[in-house]
Amino acid sequence: MKKLLIIINIAFLLLGCSKEDTITQYNSDPKENFDALWNILDERYCYFSYKNIDWDKVYDDFSPRIDKVKDVFQLFDLMAEMIDVLQDGHVNLYAPFDISSCTNWFDSYPADYNAYFLSKHFDSELRSAGGFAYTTIENGKIGYICYSSFSNGFSAANLTYIDAFFHQLNNVEGIIIDVRNNGGGSLGYSEQLSACFFKEKTVTGYMRHKTDKCHDCFSEPTEIITDPADALIDWSDKKIVVLSNRRCYSATNDFIVRMKQAPNATVIGGITGGGGGMPLSQELPNGWMIRFSAVPMFDAEMQHTEFGVTPDIEVHIAPNAVDDTILLRAINAIIHPTN
Amino acid sequence: MKLKLLIITLIVSVNLFSAETICRSKNRFAINIGEMAITDHYLSNQEYKGLSLGLDINHTNYYNNTNNRISWQVYDHWRYGRLINPSYTAMIQYIGGNIGFASHYNWLPIKNLRLMAGSAIDIYGALKTQSRNVNNPYSGDIQLNLMASLGAQYQLSFNKWALTFDYLATSPIIGGMFVPEMGESYYEIYLNLPASLNNVTHFTSFHNRQGVNGSLSVNFVLPTVTLFVGMTHNHQWWQANQTNFYIKELSGQVGIALNLGIIKN
């Protein structure tokens, strides 16, 4: 009997030990970390095919340079250069001493924002409610809400008081929601805010996820529904204009995608920055973290939103322009909708 | 009066243990402290290690007052782990627990030795949070397993007290578990409920779920209470959807067992 017990215990221990090879231990070797980074993206990044990137060739191009790496800074720079090939603002390498980022997606586009003109146009100083800054313009005819980050939360009380300011103290004809330069944040806030402008449940997009390591292994699309039941206030019958520019990224991009389906909303401005892939994270053996687009998102027509969303009315601000032509177009759209 | 009652109680207790006895009903409460290591590929490829704290509660009795062959056990085991990656750049906090019901056949092949064999229905759940991940900072485990359960108890009786050595181990046989697809966010699972459950629930057996969870204790059976010290080892592995999970824990424990009923061997 004793022998039997000993054999059973040894069998259980061996059974567990055989799985140790699935675990990656700490390793600061440049080659190991470079390979780990390449492999994580190879298995999990979602836009290789859509962007027509030959990831094997990228490895062949960059891996010979590993032998010349002398310190962690050079290793970081080499890795950052490699992942910059993806041209994705959601791909970042985080080390204790630096964070890599890709900025090409907005660098070569017009700013489409004029802060000086904006401030001169306000009826009064901006008030703050949660993540919103708000006031009226055009002598109280139009409500103006600036939402600078979808990382900043808001509550029903915030929206209720803004509503009272717009519709009781003033008598606004429409509301401008300015999300220009909003780099994103929480998809939850995007969903919650956009729900305020819908009368009924609407399919506003789709998402898929990788089901396997191959580049084109994706699940069937899941509907993204914007549901007025999630709304903190009902503004579905208000005339709404959303202002966009190239710096609208990630969750803001998602907000624009949803608002394009809202019944009384018009999106005016520049094409958004994109960032249609929901990012996830993994870490390298040396502890650095890699963030990458993992879950591709689509608009209501099942089109990728990674490279941006075209507004309903495309307007740009010319370089050196004094006016904010996007704001002026939005005012016109509310006060003179037939023009 | 109180003094008389106390003396009578002590005499009765000593008499009970002067004969060869086994515990008929036990309610065991133990606290654990030890080391835990986990791998959760949904959160990270790295193995996280650190301190674990735990609470184990077991209730044991026989089904039939006149039969000491078949016993039941109800247990709940809780663990908290504070775990660091090998490069000390991120942390996972783990909170999890097992709740189960077991039945054992008991037999006494030789004097003072009791062997147990049976099965258990075990529900395991855990929540892990990784401090710096983006959009995948949480990972949850839910499993329902039919476990094989084996145990042994050896008892040494002395004049006024007894010493027992207990070992009990469980190992999963078949069941079901929750594992998201490799690139799937919890946000998407939530959006697509209940249809998404098809892809995240898995049948488990030896091909994708293995492990052993054991507990060894030395019990000091005193007249009115049993105190024990021991160690637990837990080694679990499962995989699905190209994602691997691993828990390894070794901890020491101290505890108390309240014997609500005692029978003679």
Side-chain angles (χ1 to χ4, degrees), chain A residues 1-2 5 8-9 11-13 15-20 22-28 36 39-40 43-46 90 92 94-96 187-188 191 207-213 217-225 278-289 291-292 294-297, chain B residues 37-39 41-48 84-90 109-110 113 115 130 132-137 148 150 152 167 169 171 180-185 187-189 191-192 195-196 199 206 210-214 233-239 241-248:
Chain A
M1 183 55 75
K2 279 182 184 175
L5 284 173
I8 289 169
N9 265 307
F12 277 133
L13 289 172
L15 204 61
C17 292
S18 67
K19 302 304 173 189
E20 292 279 1
T22 62
I23 297 166
T24 311
Q25 297 292 342
Y26 174 73
N27 190 334
S28 61
N39 278 315
I40 287 169
E43 293 171 1
R44 294 171 179 266
Y45 185 67
C46 66
H90 272 154
N92 306 95
Y94 295 78
L187 281 175
E191 183 180 354
M207 66 196 307
R208 305 171 79 176
H209 63 265
K210 290 200 73 174
T211 55
D212 210 325
K213 294 175 180 176
C217 295
F218 289 102
S219 65
E220 291 300 310
T222 298
E223 288 180 348
I224 298 173
I225 293 171
M278 185 196 291
L280 300 180
S281 307
Q282 278 288 326
E283 62 185 326
L284 306 184
N286 62 3
W288 298 356
M289 188 183 86
R291 184 177 82 140
F292 53 89
V295 180
M297 298 174 81
Chain B
I38 71 166
T39 294
H41 281 183
Y42 186 79
L43 295 174
S44 169
N45 292 325
Q46 306 295 303
E47 183 185 58
Y48 280 64
I84 308 291
N85 67 352
S87 52
Y88 297 97
T89 53
I110 58 172
L113 177 67
L115 299 178
Q130 209 266 17
R132 63 174 184 170
N133 273 1
V134 179
N135 286 332
N136 56 332
L150 295 170
Y167 181 75
S171 181
E181 292 197 303
M182 65 173 283
E184 191 171 20
S185 68
Y187 176 73
E188 189 178 349
I189 295 170
L191 273 185
N192 203 21
S196 57
N199 300 325
F206 297 116
Q210 297 152 19
V212 60
N213 186 355
H233 64 94
N234 186 18
H235 202 150
Q236 306 291 332
W237 177 86
W238 64 98
Q239 72 92 22
N241 289 336
Q242 314 250 4
T243 313
N244 295 321
F245 300 85
Y246 191 85
I247 292 179
K248 191 166 56 177

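Here is how names work: the chains are called A, B, and so on, in the same order as the sequence lines, proteins then strands, and each is numbered from 1.
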Student: For A/Glu223, enumerate each residue passing the side-chain contact (heavy atoms from CB on, under 4.5 Å) test, keeping only those at least two apart in sequence or located in another chain.
Tutor: A/Val203, A/Tyr206, A/Ile225
Student: Only pairs of heavy atoms separated by less than 4.5 Å count here; which of B/Glu188, B/Glu184, B/Gln236 has the most with chain A?
Tutor: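 So the answer, after comparing B/Glu188, B/Glu184, B/Gln236, is B/Glu188.
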Student: With a 4.5 angstrom heavy-atom cut-off, could you sort out which part of B/Phe245 is near chain A: side chain, backbone, both or neither?
Tutor: neither
Student: In terms of heavy-atom proximity below 4.5 Å to chain A, should B/Tyr88 be classed as side chain, backbone, both, or neither?
Tutor: neither
Student: Thinking salt bridges, do A/Glu283 and B/Arg132 make one under a 4.0 Å N-O criterion?
Tutor: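 Yes.
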Student: Please classify the contact between B/Gln239 and chain A as side chain, backbone, both or neither, with a heavy-atom cut-off of under 4.5 Å.
Tutor: neither
Student: Report yes if some heavy atom in the side chain of B/Tyr187 is under 4.5 Å from a heavy atom in the side chain of B/Asn135; otherwise report no.
Tutor: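 The answer is no, as the side chains (C-beta and beyond) never meet within the 4.5 Å cut-off.
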Student: Assign the ring pair B/Tyr167 / B/His233 to parallel, tilted or perpendicular, where the plane angle (0 to 90°) is split at 30° and 60°.
Tutor: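 Geometry flag for B/His233 against B/Tyr167: parallel rings.
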Student: Using a cut-off of under 4.5 Å for heavy-atom pairs, which of B/Thr89, B/Val134, B/Asn85 has the most such pairs with chain A?
Tutor: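 The residue among B/Thr89, B/Val134, B/Asn85 with the greatest pair count is B/Val134.
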Student: Which residues pass the ring-ring contact (aromatic ring centres under 6.0 Å, His included) test with A/His209, not counting sequence neighbours?
Tutor: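 If we apply the ring-ring contact (aromatic ring centres under 6.0 Å, His included) test to A/His209, skipping adjacent residues, there are no hits.
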Student: For chain B, find which of A/Lys210, A/Gln282, A/Arg208, A/Met278 contributes the most heavy-atom pairs closer than 4.5 angstrom.
Tutor: A/Gln282
